[in-house]
Amino acid sequence: MDAQLDDKALESTLAESLADLVPDTKTVSEDEFVEVVGGALEAVGGTLLFKMCVQNQGEGQHVAAASVGDGGNRQFLLLTLPTGGGSLKVETASRSSNPVAGIAAAYAGLMDAFKTAA
């Protein structure tokens, strides 16, 4: 993958790779979400940073943060899927309005610091 992909290109590349992975309309378990996210990240060489289940505007939502690339070329992604089923939304953290997006870069920085200290 070209490390210089812009945000929009990265989002569309992931969206295309997800078409066959997303469960049809039904309740989505955490395990299913992890499987879908894992497949998507594998397609672009990404790394899962963390996942959680949150309430967003009254709706349950699985959220995962991931990174693609490294060093100055690292980009952060947010992947969200309603717990009640639906489509997986992929966006770069810099373009996302989801409150969890701001945590992705901070979390990655913390993990980098732990690796350095270890």
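Both backbone and side-chain heavy atoms feed into the values below; hydrogens, waters and symmetry mates do not. Start at 1 with the first residue, then count along the sequence. Bear in mind the structure is a predicted one, so any value in this text is a computation, not a measurement.
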Do you know which two heavy atoms are closest between [X] and [Y], and how far apart they sit?
X	Y	value
Thr47	Leu41	C-CD1, 4.0 Å
Leu79	Ala40	CD2-CB, 4.3 Å
Val28	Phe33	CG1-N, 4.1 Å
Thr80	Leu88	O-CD1, 3.2 Å

Got a second to check how far [X]'s [atom1] is from [Y]'s [atom2], nearest 0.5 Å?
X	Y	atom1	atom2	value
Gln61	Thr83	CD	OG1	8.5 Å
Ser67	Leu48	OG	CG	9.0 Å
Leu78	Leu49	CG	CG	10.0 Å
Glu91	Phe76	CD	CZ	15.0 Å

Handout entry: Gln55 atom CD, over 12 foreign heavy atoms within 6.0 Å
Key = yes
Handout entry: Sequence neighbours excluded - salt bridge (charged side-chain N to carboxylate O under 4.0 Å, His left out) pairs with any residue from residues 95-118
Key = Glu11-Arg95, Arg74-Asp112
Completion exercise
Across all chains, not counting sequence neighbours, the side chain to side chain contact (heavy atoms under 4.5 Å, CB included) partners of Ser94 are Asp7, Thr92
Handout entry: Min side-chain heavy-atom separation Glu30-His62 under 4.5 Å
Key = yes
Problem - Check: Ile103 and Phe50 side chains under 4.5 Å, non-hydrogen atoms - result: yes
Out of curiosity, does [Y] fall in the hydrophobic cluster containing [X] (side-chain heavy atoms, cut-off under 4.5 Å, transitive links)?
X	Y	result
Val100	Met111	yes
Leu110	Val63	yes
Val37	Val44	yes

